[in-house]
Amino acid sequence: MVAVAILAAGKGTRMKSRLPKVLHELGGRSLLAHVLKGAATLQPQRQLIIVGYGSDQVRATLAQPDLTFVEQTEQLGTGHAVQQIIPYLQGFEGDVLVLNGDVPLLRPQTLERLLKTHQDHGNAATLLTAQLAEPKGYGRVFCKEGDRAVPHVTQIIEDRDCTPEQRQNRRVNAGIYCFRWADLARALPQLQTDNDQQEYYLTDVVKLMSPVMAVDVADEQEILGINDRLQLAAAAKILQTRIQSTWMSAGVTLIDPHSITIDDTVQIEPDVIIEPQTHLRGQTIIATGSRIGPGSLIENSQIGENVTIQYSVITDSQVQAHTKVGPYAHLRGQVSVGQGCRVGNFVELKNSTLGDRTNVAHLSYLGDTTAGTQVNVGAGTITANYDGVKKHKTVIGDRTKTGSNSVLVAPITIGSDVHIAAGSTLTENVPDQCLVIARARQVLKPGWRLSGTPQQPSIAEPKEPEPRLEPQSEPQSELQAEL
Ligand code: UD1
Ligand code: CA
């Protein structure tokens, strides 16, 4: 039986942030979510999260039925934090894995190895350690002399409490521990605050237990603790390298990987090509054969097979197979684009659905619109969906063609097989199969000129008297009739 307890009550003073430290984001997940994801592989019976600073926010962000939140109202140290779980694990027989909420890069295999060593040796406690070239800031782990494969730990001393000589020790405490619960529950109440910070240190329990062993991590990057924004950026870089290696090994081409970012939450099928300056975020899925970028941002969106997207921003949307998007398109707020469509240059789509083989190729805005299949939305077509108070819907039937510079004033329904003349402003519904023209007719007045101006007005003579609109060859009344 394994329980997991995650320390997440600290404010994270060095982050200089209003957000609790464990909620800071790293590759699309909070620090705490990374730690939980790692712990999940051990299939723990119980998951306890010790919260304090910003606890409402932490609870709200991670509301999951299988998590128990334990309140640490005052942050009196890591030992004090773990003391808070005692009432929750009364009678628990098994091991408790204690994880720091600010150590997000641990691999599940490392946790499995820690647990296995702990159980194989029947230890009271086993902790994860690393031998660092630059151990500054970490607690130092002191072991018994002798070259055992798994060293026995005698004590842990915080960096600030070390003598200069002790500080030379390069073996550091990762803040990741496995405890036999019965032993830990016995040791916790005995902790004292006789240290530089006057805090209850969890690390002091190792002096009260036996045997305690140390397991060195193979890759020291895994134990990086996030205490400030510099460490957050360093962790982001390490995580990005891992994510990109995973996808490249799985058959995804990344062109100029350093300019690309991919969240930990994204899924990509083989034979996708990601071009430079492209960022894939959130719950995004890219199907095989698609080519994304250069210069694109895709967030919480599903992209079908063989889709091309260039210099575009797509959020909370779906694009189906064989569609081309961009350059310079913006899809947002639940857009669904069918198969074999073209969404082109300088087009914005919001909360709209396009059927298969529909094109919106140039300079258009469609908002709250449902367009059928094989619709051709002409250049500059705009749905006027907002009357200043409410948003209204536009419906466009199959195979309808909107002329260039059409304005569809919503709410409005345009039938199927409709041709809309260029420059039309439609305010009323249009039935199927027709041509609709809703614009002022072109009026041509042969030989007309402004009265009081010479036959061939010259820009060199700007000081002419204010001209009066008057037809040259027709009486005023006739012009009015024409308009
Ligand atoms: C801790 C360890 C140190 C180790 C390092 C690894 C102790 C005394 N020291 O130091 O040996 O090398 O982690 O990263 O444990 N927290 C609470 N309640 C509290 C205090 C802290 O929940 O009262 C939480 C924090 O939110 C954080 C974690 O415990 O997630 C670690 O606390 P932090 O102050 O960062 O400890 P370090 O000084 O890094
Ligand atoms: Ca820390």
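Read the numbers this way: they start at 1 and go in the same order the structure lists the ligands and their atoms. None of these values were measured; they are calculated from a predicted model.
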Which heavy atom of the protein is the closest neighbour of [atom], given with residue, atom name and distance?
{"atom": "atom 1 (C) of ligand 1", "value": "N100 ND2, 4.0 Å"}
{"atom": "atom 34 (O) of ligand 1", "value": "R14 NH2, 4.8 Å"}
{"atom": "atom 35 (O) of ligand 1", "value": "D102 OD2, 3.3 Å"}
{"atom": "atom 22 (O) of ligand 1", "value": "A9 N, 2.9 Å"}
{"atom": "atom 24 (C) of ligand 1", "value": "L7 CB, 3.7 Å"}
{"atom": "atom 39 (O) of ligand 1", "value": "N227 OD1, 4.0 Å"}

For [Y], does its backbone N or O pair with a side-chain atom of [X] as donor and acceptor, under 3.5 Å?
{"X": "W181", "Y": "L89", "result": "yes"}
{"X": "D183", "Y": "A187", "result": "no"}
{"X": "S336", "Y": "T353", "result": "no"}
{"X": "T129", "Y": "R171", "result": "no"}
{"X": "S259", "Y": "Q277", "result": "yes"}
{"X": "E220", "Y": "V217", "result": "no"}

Residues R160, D196; criterion salt bridge (Lys or Arg N to Asp or Glu O under 4.0 Å); working and verdict | CA-CA 7 Å; R160 60 204 306 158; D196 185 52; 2.9 Å; yes
Take atom 13 (O) of ligand 1 and look for protein heavy atoms under 4.0 Å from it; say yes if you find one, no if not.
-> yes
Is atom 37 (P) of ligand 1 in close reach of the protein, with a heavy atom under 4.0 Å away?
-> no
Atoms in ligand 1 flagged as close to [X], the criterion being non-hydrogen separation under 4.0 Å:
{"X": "T78", "answer": "7 (C), 8 (C), 15 (O), 20 (C), 21 (C), 29 (O), 31 (C), 32 (O)"}
{"X": "Y201", "answer": "8 (C)"}
{"X": "K21", "answer": "35 (O)"}
{"X": "A174", "answer": "6 (C), 14 (O)"}
{"X": "Y138", "answer": "6 (C), 12 (O)"}

Distance filter under 3.0 Å, centred on the Ca ion (ligand 2) - protein N, O or S atoms that pass it =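 Near the Ca ion (ligand 2), the protein supplies D102 OD2, N227 OD1.
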Just wondering, more than 12 heavy atoms not from [X] lying within 6.0 Å of its [atom1]?
{"X": "R357", "atom1": "CZ", "result": "no"}
{"X": "E93", "atom1": "CD", "result": "no"}
{"X": "K324", "atom1": "NZ", "result": "no"}

Measuring from [atom], which candidate in [options] has the nearest non-hydrogen atom?
{"atom": "atom 9 (N) of ligand 1", "options": "Q72, R140, R160, E158", "value": "E158"}
{"atom": "atom 5 (C) of ligand 1", "options": "L202, I50, N173", "value": "N173"}
{"atom": "atom 20 (C) of ligand 1", "options": "G139, G10, G77", "value": "G77"}

Report yes or no: does T203 have a heavy atom closer than 4.0 Å to ligand 1?
->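 Contact present.
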